[in-house]
Amino acid sequence: MKESFRWYGPRDPVTLQDISQTGATKVVSALHDIPNGEVWNKDAIKTHQQIIRNADLEWEVVESVPIHEEIKLRIGSFQKHIDNYKKTLENLASCGIHTICYNFMPVLDWTRTHLFYPMKDGSTGLYYNSSALAAFDLFILEREGAEIEYNTKQVQKAENYFKALSSEEIEILTKSIIAGLPGAEEGYTLDQFRNQLKQYEFVSTEDLRENLILFLEEIIPTAEKLKVKMSIHPDDPPFNLFGIPRVVRTSNDLDFLFNRVPSLYNGLTYCTGSLGVRKDNNLKQIFDKFTDRIHFIHLRSIQREGEGNFFEANHLEGDVDMFSIVYAIIKEEQKRKKEVFTDWEIPMRPDHGHQMLDDLNKKTNPGYSAIGRLRGLSEIRGLALGISKIINK
Ligand code: DNO
């Protein structure tokens, strides 16, 4: 695996030198200052790339080139945004960057209800609690028609949850959900969020899926020509939120996308944490089924708590069987190597991590503090080394 680390750019409290000290050699990054839908010009790409090279690291993967909401809805200037997207791919490829991670989640990117949830060992982690989400939806956002999404028991739990919140806690919960997590590119006020959701009022799962296919049908031929590996990120969490559809949740969802647009440049970011939230997602089977098109990997674990609740576990704990996943990845890499792929190693980044040790006293990007991810990377590195030695014995 090409060990990589996400870097949010010059304002990231985790510096490139910090990243070097983790032992990672590759960087996963994006031009976060460019508004969604606009072209990333070559100069801006090169400047960012040079900053990374000056630290003796290489910008291996772009995460993400975000997709404008108008493309997801196929309204307004969607065609212009698609043309711009192609131009961005062309500019990235001309700078030697050929792996792009993106997602097709409507309105919100990844979503959690708690960003600093206390763990037993004194560290903090990310947490998703479905009663907290319902409490926000029903009693803070007061979304029209929200009741139909929840059964009586869920409404009751949400109400109890809401009633126990102080006004400060209401503010924190609201911010955690809609203010925009790192990398999400977009954050909203309550009113903005309501308006965004309204746009999806009449968009069904089939509509959204079709809009994704139409986008892929336009983009993938360009990607193929440029040898750019488009790698869609699964929805996080992998189920619908706020009554609007999500379409990259399960093995069947992926099957649909890859059957309709079969090019291997229509690829996958294999994220064990996002897919792993659903018990009906068999991670190993998903890996085996889509191996050829896995161009980028996020390794992290989650612990399911029932009712859709989950927290982010340490990388080798929780519900993800990291041993069997890393084993499968190493086997796949060996296969690629034998088949004489030049780029047989798959870029992987340790995803998320607990805020721990010294980082507890620092302002960090939730999920993206240095030490928690360093712990994850080190554990995965050791696991991978042990597996490789045994396989090669
Ligand atoms: C969260 C990340 C996501 C991811 C995007 C990919 O930690 O995994 O923000 O970058 O969804 O487009």
Side-chain angles (χ1 to χ4, degrees), residues 4-9 12 14 27-32 34 36-37 40 59-69 71-72 85 88-89 92 99-116 125-128 176-187 212 215-216 219 228-239 241 246-249 253-254 257 266-277 294-302 310-313 315 320 347-355 364-370 372-373 376-377:
S4 322
F5 222 73
R6 192 172 196 176
W7 184 60
Y8 284 111
D12 193 328
V14 179
V27 165
V28 173
S29 198
L31 301 184
H32 294 286
I34 300 183
N36 286 7
W40 295 15
W59 185 6
E60 178 77 16
V61 178
V62 175
E63 180 173 350
S64 315
V65 181
I67 299 189
H68 198 281
E69 289 301 306
I71 298 181
K72 297 176 201 163
Y85 205 97
T88 295
L89 297 188
L92 285 164
T99 308
I100 314 293
C101 171
Y102 69 102
N103 73 78
F104 210 76
M105 287 177 252
V107 187
L108 286 182
D109 192 311
W110 60 304
T111 304
R112 297 290 182 275
T113 55
H114 298 75
L115 310 183
F116 304 99
L126 301 165
Y127 182 52
Y128 179 91
S176 306
I177 298 175
I178 61 171
L181 286 173
E185 314 301 344
E186 279 172 316
L212 171 53
F215 170 72
L216 290 170
I219 289 293
V228 163
K229 292 175 268 187
M230 294 298 295
S231 310
I232 198 162
H233 189 285
D235 301 331
D236 180 9
F239 39 76
L241 298 178
R246 292 190 158 199
V247 293
V248 195
R249 303 155 300 181
D253 286 345
L254 294 170
L257 299 185
N266 181 19
L268 174 66
T269 296
Y270 179 75
C271 176
T272 52
S274 303
L275 291 165
V277 162
I294 294 177
H295 305 309
F296 181 37
I297 295 175
H298 286 178
L299 291 181
R300 69 182 163 90
S301 186
I302 43 81
F310 63 90
F311 66 86
E312 308 234 9
H315 287 73
V320 172
M348 174 282 297
R349 68 174 183 83
D351 199 10
H352 305 170
H354 292 169
Q355 191 166 357
T364 65
N365 281 318
Y368 286 91
S369 49
R373 284 185 293 159
L377 178 62

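Predicted, not measured: the structure shown is a model, and the values here were computed from it. Whatever order the structure lists them in is the order used to number ligands and atoms, beginning at 1. Values below: all heavy atoms of this structure, side chains included; hydrogens, waters and symmetry mates excluded.
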Check: Ring centroid separation for His298 and Tyr270, is it under 6.0 angstrom?
Finding: no
What are the polar N/O contacts of ligand 1 with the protein below 3.5 Å, with distances?
unit_1: ligand 1; atom_1: 7 (O); unit_2: His352; atom_2: NE2; d: 2.5
unit_1: ligand 1; atom_1: 7 (O); unit_2: Tyr368; atom_2: OH; d: 2.6
unit_1: ligand 1; atom_1: 8 (O); unit_2: His233; atom_2: NE2; d: 3.3
unit_1: ligand 1; atom_1: 9 (O); unit_2: Asp109; atom_2: OD1; d: 3.2
unit_1: ligand 1; atom_1: 9 (O); unit_2: Trp110; atom_2: NE1; d: 3.3
unit_1: ligand 1; atom_1: 10 (O); unit_2: Arg6; atom_2: NH1; d: 3.2
unit_1: ligand 1; atom_1: 10 (O); unit_2: Arg6; atom_2: NH2; d: 3.3
unit_1: ligand 1; atom_1: 10 (O); unit_2: Glu63; atom_2: OE2; d: 2.5
unit_1: ligand 1; atom_1: 11 (O); unit_2: Asn103; atom_2: ND2; d: 3.2
unit_1: ligand 1; atom_1: 11 (O); unit_2: Asp109; atom_2: OD1; d: 2.9
unit_1: ligand 1; atom_1: 11 (O); unit_2: Asp109; atom_2: OD2; d: 3.4
unit_1: ligand 1; atom_1: 12 (O); unit_2: Ser64; atom_2: OG; d: 2.6
unit_1: ligand 1; atom_1: 12 (O); unit_2: Asn103; atom_2: N; d: 3.3
unit_1: ligand 1; atom_1: 12 (O); unit_2: Asn103; atom_2: ND2; d: 2.9

Notebook entry, point to check: Testing Ser29, Ser4, Cys101 for side-chain contact (heavy atoms from CB on, under 4.5 Å) with Glu63, which one passes?
Noted result: Cys101
Check: Mind checking what makes ring pair (Phe, Tyr, Trp, His ring centres under 6.0 Å) contact with Phe215, not counting sequence neighbours?
Finding: Tyr85
Item checked: Results of salt bridge (charged side-chain N to carboxylate O under 4.0 Å, His left out) for Arg373 - residues two or more places apart only -> none
Next item on the list: Quick one: list whatever passes ring pair (Phe, Tyr, Trp, His ring centres under 6.0 Å) with His295, sequence neighbours left out.
Entry: none
Next item on the list: Considering only NZ, NE, NH1 and NH2 on the basic side and carboxylate oxygens on the acidic side, decide whether Arg112 and Asp236 come within less than 4.0 Å.
Entry: yes
